[in-house]
Amino acid sequence: MSENRGVWVFSEKHDLALEMLGKGREIADKLQTELAAVLIGHGVQKKADELIRYGAGKVYFVDNPALKHFQIEAYLSVLYNLAVNYKPEIILIGSTRNGKPLAARLATRLEAGCVPDCAKLSVDKHGRLVGERITYGGNAAAKITFKTKPQIATIPARAFEKPESKDSSGQLIKLDVKVEESKTEVVETKPLETSSVRIEDADVIISCGRGLGKKEDKALLDELATVLCGQVGCSRPLAEDRKWFTEWVGLSGHKVKPKLYIACGISGVIQHVAGIRDAKVIVAINKDEQAPIFEVADYGVVGNLYEILPALKEAIKKQLG
Ligand SMILES: Cc1cc2nc3c(=O)[nH]c(=O)nc-3n(C[C@H](O)[C@H](O)[C@H](O)COP(=O)(O)OP(=O)(O)OC[C@H]3O[C@@H](n4cnc5c(N)ncnc54)[C@H](O)[C@@H]3O)c2cc1C
């Protein structure tokens with residue numbers, strides 16, 4: 001049987017695929033092998049050029065009307081067929097709601113290992129991929145390597161920087177692959193009524209926790225968010241228990257990577273902090289000076305958020321003129 005060769009990148013989220021190409025290139029160079037992207041969909045050929053400009057030496061492109069929307073059986077059958085035919089050494093899959101189950105099923109079909117949610121990737125001295133992920137409720141980081149090939153890892157958005165786009169050339173390989181019929185049918189898709197920017201993409205996030213007394217007081221955060229062109233987030237209890245929000249930040253919620261994260265009335269236990277570790281600057285506002293959030297904050301304000309937030313908003317407004 002021929003040896004597995006090459007690093008592959010796939011995500012149904014195009015931006016995430018581009019981000020993974022940067023790390024993919026680094027690993028491929030270390031292993032002295034090729035970097036390829038897999039593009040699955042219908043009428044999306046122009047994305048192939050972009051994948052090449054961001055570093056893919058090859059793009060395996062499967063175009064089929066049955067692949068217009070993500071359907072796990074259909075996408076899985078394509079990826080499985082390609083992997084069996086071309087035998088990549090490593091497959092990096094975007095850690096999205098669709099990508100994670102896809103990676104797990106692909107690994108099962110290929111009888112291969114899968115490491116989900118790798119925030120770091122490296123290659124050990126035996127040339128094996130090593131994935132690093134947060135585990136034990138955010139209390140530890142585990143390094144995991146593989147005993148089988150292909151080595152499959154899923155990568156969350158913003159784990160790695162998107163590489164520079166270059167005027168490079170690559171090979172576009174169009175393939176006709178038998179698509180497995182889906183056992184479910186998409187009846188309708190409609191956008192969620194949420195803010196226009198997804199919280200994972202926001203540069204500035206102002207988050208509230210149980211320190212916020214009532215739902216209406218969220219206006220305080222909205223006002224500061226408007227001044228700073230940011231988004232409002234929250235800790236899990238505000239979404240899960242109080243139902244004031246639909247999504248939250250943290251280990252079981254969104255992992256965010258903003259330039260500025262302002263935590264207001266959030267204690268900062270490990271499950272929340274696990275989602276904000278990659279923020280560039282963390283500011284904490286909490287009336288309890290012993291609150292653990294101060295251990296991870298770059299700047300801390302000990303005080304009542306109901307006094308600090310309006311004052312902060314006015315000061316920033318003045319500063320911005
Ligand atoms: C498996 C698991 C997964 C979890 N995942 C997540 C997750 O993804 N994200 C998450 O957030 N949590 C998660 N949790 C919950 C987590 O353990 C905490 O319960 C939660 O983060 C606490 O939220 P909080 O900081 O808003 O509330 P609290 O811990 O109650 O803290 C409120 C803080 O507000 C301060 N405060 C009160 N009033 C004011 C005021 N007027 N001005 C200023 N400060 C004030 C208090 O001093 C306190 O520090 C998870 C838990 C488990 C078991």
Side-chain angles (χ1 to χ4, degrees), residues 95 117 119 132-142 156-159 194-195 197-316:
S95 215
D117 286 328
E132 194 171 319
R133 64 188 304 265
I134 301 294
T135 184
Y136 292 119
N139 287 298
R158 294 187 159 209
T194 51
S195 55
V197 180
R198 296 177 327 133
I199 196 145
E200 304 97 298
D201 298 333
D203 278 339
V204 177
I205 300 172
I206 297 112
S207 253
C208 48
R210 274 201 284 226
L212 200 71
K214 52 185 194 304
K215 189 178 178 183
E216 295 69 43
D217 298 342
K218 178 179 163 280
L220 286 173
L221 285 94
D222 288 334
E223 287 166 14
L224 186 59
T226 307
V227 175
L228 291 171
C229 301
Q231 291 286 304
V232 173
C234 68
S235 65
R236 182 160 112 168
L238 264 58
E240 281 266 279
D241 308 338
R242 297 186 186 172
K243 313 281 182 214
W244 295 352
F245 294 80
T246 49
E247 296 171 62
W248 63 90
V249 172
L251 181 71
S252 55
H254 291 287
K255 317 275 181 303
V256 296
K257 209 176 175 183
K259 290 183 181 146
L260 174 64
Y261 187 85
I262 307 182
C264 313
I266 294 179
S267 56
V269 294
I270 191 76
Q271 292 90 359
H272 188 80
V273 169
I276 62 170
R277 271 181 217 286
D278 293 327
K280 280 221 166 76
V281 175
I282 299 175
V283 177
I285 302 170
N286 198 304
K287 63 182 185 186
D288 173 10
E289 65 177 328
Q290 303 295 330
I293 191 74
F294 289 123
E295 286 165 28
V296 292
D298 299 282
Y299 299 95
V301 184
V302 179
N304 185 339
L305 70 89
Y306 286 90
E307 291 162 17
I308 310 291
L309 281 179
L312 190 60
K313 183 192 76 181
E314 286 313 317
I316 294 171

Do side-chain atoms of Asp203 reach the backbone of Gly230 as a donor and acceptor pair under 3.5 angstrom?
no
Going from OG1 on Thr135 to CG on Asp117, what distance comes out if it is rounded to the nearest 0.5 angstrom?
10.5 Å
Flag side-chain contact, heavy atom, 4.5 Å: Arg210 against Pro237
yes
Any idea which heavy atoms bring Gly250 and Lys255 closest together, and the distance?
O-NZ, 3.6 Å
Assess the residue pair Val249 and His272 against the criterion (side-chain contact (heavy atoms from CB on, under 4.5 Å)); give the C-alpha distance rounded to whole Å, side-chain angles, the decisive distance to 0.1 Å, and a yes or no.
CA-CA 6 Å; Val249 172; His272 188 80; 4.0 Å; yes
Inter-residue atom distance Lys280.NZ - Lys257.NZ, 0.5 Å rounding:
7.5 Å
Rounded to the nearest 0.5 Å, how far does CZ of Phe245 lie from NZ of Lys215?
8.5 Å
Contacts of type side-chain hydrogen bond (donor to acceptor under 3.5 Å, both in side chains), residue Lys214, not counting sequence neighbours:
Asp217
Can you see which heavy atom on Val232 is nearest to which on Ala225, and at what distance?
CG2-CB, 3.8 Å
Quick one: do Ile276 and Ile205 satisfy side-chain contact (heavy atoms from CB on, under 4.5 Å)? Show the steps, please.
CA-CA 10 Å; Ile276 62 170; Ile205 300 172; over 6 Å; no
Distance, nearest 0.5 Å, that separates CD of Glu307 from CD1 of Ile285:
11.5 Å
Kindly give the heavy-atom pair with the smallest separation between Ser252 and Arg236, and that separation in Å.
OG-NH1, 3.0 Å
Euclidean distance, Trp248 CH2 relative to Cys208 SG, rounded to 0.5 Å:
14.0 Å
Leu228: what forms a side chain to side chain contact (heavy atoms under 4.5 Å, CB included) with it, not counting sequence neighbours?
Val204, Ile206, Leu224, Leu260, Ile262, Ile316
Separation between CD1 of Ile266 and CG of Leu305, rounded to the nearest 0.5 Å:
10.0 Å
Any side-chain heavy atom of Val301 sitting closer than 4.5 Å to one from Phe294?
no
Which atoms form the tightest heavy-atom contact between Ala284 and Ala297, and what is the distance?
CB-CB, 3.8 Å
Looking at every heavy atom in both Pro310 and Leu220, which two are closest together, and how far apart are they?
CG-CD2, 3.9 Å
Could you list the residues that satisfy salt bridge (charged side-chain N to carboxylate O under 4.0 Å, His left out) with Asp222, not counting sequence neighbours?
Lys218
Quick check against the 3.5 Å criterion: does Tyr261 have a side-chain atom that pairs as donor or acceptor with the backbone of Val256?
no
For Gly233 versus Ile199, what's the shortest heavy-atom pair and its separation?
CA-CD1, 3.6 Å
